[in-house]
Amino acid sequence: MKRDVRKKAKIFVLEDDSFVLSMLLDTLEKEGYEVMSGDPARCMSDHIYAWSPDMVMLDINLPGRSGLDVLSDLKERSPDLPVIMFTADDTAETAVKAMKIGADDYLTKPFSKEEMLIVIGKILESAKLRHEVDYLRKVCLDTFKKDIIGESDFLRDLRLKIEKFADAGVSTVLITGESGTGKELMARFIHSMIYPDCTSNCAPFVAVNCTALPEALLESELFGYEKGAFTDAKTGKKGLFELAAGGSILLDEIGDMKVNLQSRLLRVLEERKMRRLGGEEELSVDVTVIATTNTDLSMAVENGEFRKDLFYRLNTFSLNIIPLRDRKDDILPLARHFLEHFSTEYKRNGSKRFSPEAEELLRSHDWPGNVRELKNVVERIVVLESVEVVTADHLPADIRGRINGGNGSLYRYLLPDTGISLDDVERDFIMQAFEKTGRNKSLAAKLLNISYDSIRYHVKKFGLE
């Protein structure tokens, strides 16, 4: 059942004919609308705008000034404000002028009350739906943004880069990073930025795991097939590229895609056209292709396992998500987010939090499984431990049992009583690694057990070029 939009709708009426005006006001008030009118000779767009109406009904022929001029002023200040024009001129030229300026509809005098009420109801319902879509679009986009949790400089730079990709409307993005770093979540975030109207089916997000399917099945899933294309093809079937039209397709772990299939994908990316298996018709491909991988594609190219031309095509717009161990500032915000999320999901009451000791252990852990490992650890704690405060004793043994040189200390490095700057510690270790390797970034990264992208990030962060 539709909600009655009339009860809250405010309609401003500007009409020169007193008889018509009286009829309009009486009819609208009886229908439950809140109405306001003004002196047609003196009322300007400022007066109308100040009342904040939901709709304006405006006569084209006003004394001293054309209603089209008032319409133009209103639309300049509030483009989404619905306006219905009245006219005694039944020629198409007048209506066309009003619609070009921005009128939502027009009524030719004389018109019936029933006709007027139908037009008003239709336009107000459309305006309501527009506002709801805008609101849901904002909520949806905010939800994606909240899922990208973290406070590190790296993550802030990554968000800015994604915003630039979205503004430019890029058609292909490659996301690299270790397993568990959140590549699929980042892909969905990119999709939400490129297609902010995620409340609509017009921008679908289709994900396919290139590792899970055999080559022949993956090809038919991606490109579809015509009836009779192979033995079991009793009917034709659309492929995932067609189903993702107007939206995004995620090719997860593209590094595992076989070379023969890579050539077909390259043609799709370059020509934006494809054919179903067994088909002859060229089909346009209107999708954003987002590919993810945890393998080193440049090394795969050298080994002949990945096409060089496809790699260069994918790598035009790329993002590398560095491991969680290389962005320590994101660990605690993520842990607190997961704690709150799972406490709600599993209906664990109370304002749970981590103790300072537990937070220090979480922050100092290397997290080889990255964000996925952290998420699993917190979920397990929420399910198994009914406590207000998560302490070090509630953490897994491999996190809490870090021994420093066999001396029985809980920590690998001891914090001075006077405190210390973590940035200074990171900077000093990087400088020491440079001294030991002759400023060779690759060797320094291996010495510090971090990725090459991470060493570049820290060099930029600390101005060590």
Side-chain angles (χ1 to χ4, degrees), residues 1-139 197:
M1 181 177 180
K2 291 183 179 179
R3 189 182 70 187
D4 188 352
V5 298
R6 297 174 301 178
K7 299 304 180 183
K8 294 184 179 180
K10 298 166 61 177
I11 301 178
F12 196 104
V13 181
L14 201 57
E15 167 60 51
D16 186 35
D17 189 315
S18 59
F19 176 78
V20 175
L21 177 62
S22 177
M23 181 273 291
L24 290 172
L25 298 180
D26 182 65
T27 301
L28 294 173
E29 286 176 348
K30 286 181 179 178
E31 289 293 318
Y33 294 112
E34 183 180 352
V35 294
M36 172 74 73
S37 63
D39 183 351
R42 301 174 60 186
C43 187
M44 308 300 283
S45 56
D46 287 344
H47 303 130
I48 300 174
Y49 193 79
W51 192 57
S52 300
D54 297 300
M55 173 183 283
V56 175
M57 304 183 75
L58 179 63
D59 192 1
I60 284 183
N61 297 313
L62 297 175
R65 191 182 188 198
S66 169
L68 294 176
D69 292 335
V70 178
L71 171 65
S72 181
D73 289 346
L74 289 173
K75 285 297 180 178
E76 185 175 348
R77 297 187 66 170
S78 183
D80 295 329
L81 176 64
V83 179
I84 298 176
M85 303 297 294
F86 302 137
T87 176
D89 184 358
D90 60 357
T91 61
E93 183 180 357
T94 304
V96 169
K97 285 182 180 178
M99 301 300 279
K100 281 185 175 180
I101 295 174
D104 293 80
D105 210 331
Y106 70 96
L107 293 168
T108 303
K109 299 176 184 178
F111 50 83
S112 67
K113 295 179 182 179
E114 292 76 13
E115 180 185 5
M116 176 186 72
L117 293 175
I118 289 173
V119 172
I120 291 174
K122 179 188 69 176
I123 293 176
L124 286 176
E125 184 67 24
S126 297
K128 177 180 76 74
L129 292 174
R130 248 192 340 263
H131 290 317
E132 288 179 354
V133 168
D134 289 342
Y135 170 75
L136 290 173
R137 177 188 299 164
K138 182 179 183 302
V139 169
D197 189 6

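Being a predicted model, the structure only gives us computed values, none of them experimental.
- Inter-residue side-chain proximity for Val56 and Val70 is flagged as unmet; no heavy-atom pair is nearer than 4.5 Å.
- For the pair Gly67 and Leu62, the tightest heavy-atom approach, listed with the atom from each and the gap, is CA-CD1, 4.0 Å.
- Contact annotation: the side chain of Lys97 never approaches that of Tyr106 to less than 4.5 Å [non-hydrogen atoms, C-beta and beyond].
- Counting heavy atoms of neighbouring residues, nucleotides and ligands inside a 6.0 Å radius, atom CD of Glu115 exceeds 12 of them.
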Verify salt bridge (charged side-chain N to carboxylate O under 4.0 Å, His left out) between Asp105 and Lys122, making sure each step is shown before the conclusion. CA-CA 10 Å; Asp105 210 331; Lys122 179 188 69 176; 3.4 Å; yes

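- Between Val83 and Ile101 there is no side-chain heavy-atom pair separated by less than 4.5 Å.
- With hydrogens and angles disregarded, a donor-acceptor distance shorter than 3.5 Å links the side chain of Asp54 to the backbone of Lys10.
- Annotation: side chain of Thr27 is in contact with side chain of Leu117 (closest heavy-atom distance under 4.5 Å).
- For the pair Lys75 (side chain) and Leu81 (backbone), a donor-acceptor distance under 3.5 Å is present.
- Between atom CG of residue Asp104 and atom CE of residue Met85 there is a gap of 11.0 Å, rounded to the nearest 0.5 Å.
- Taking the charged nitrogens against the carboxylate oxygens, Asp73 and Arg77 have no contact shorter than 4.0 Å, which rules out a salt bridge.
- Results of the side-chain contact (heavy atoms from CB on, under 4.5 Å) test with Leu25 over Ile11, Val20, Val35 single out Val35 as the only residue that passes.
- In this structure, Met116 and Glu31 have side chains that are not in contact, with every pair of non-hydrogen atoms separated by 4.5 Å or more.
- Taking the side chain as every heavy atom from C-beta outward, Tyr33 and Leu124 approach each other to under 4.5 Å.
- With a 4.5 Å cut-off on side-chain heavy atoms, Phe86 and Leu24 count as touching.
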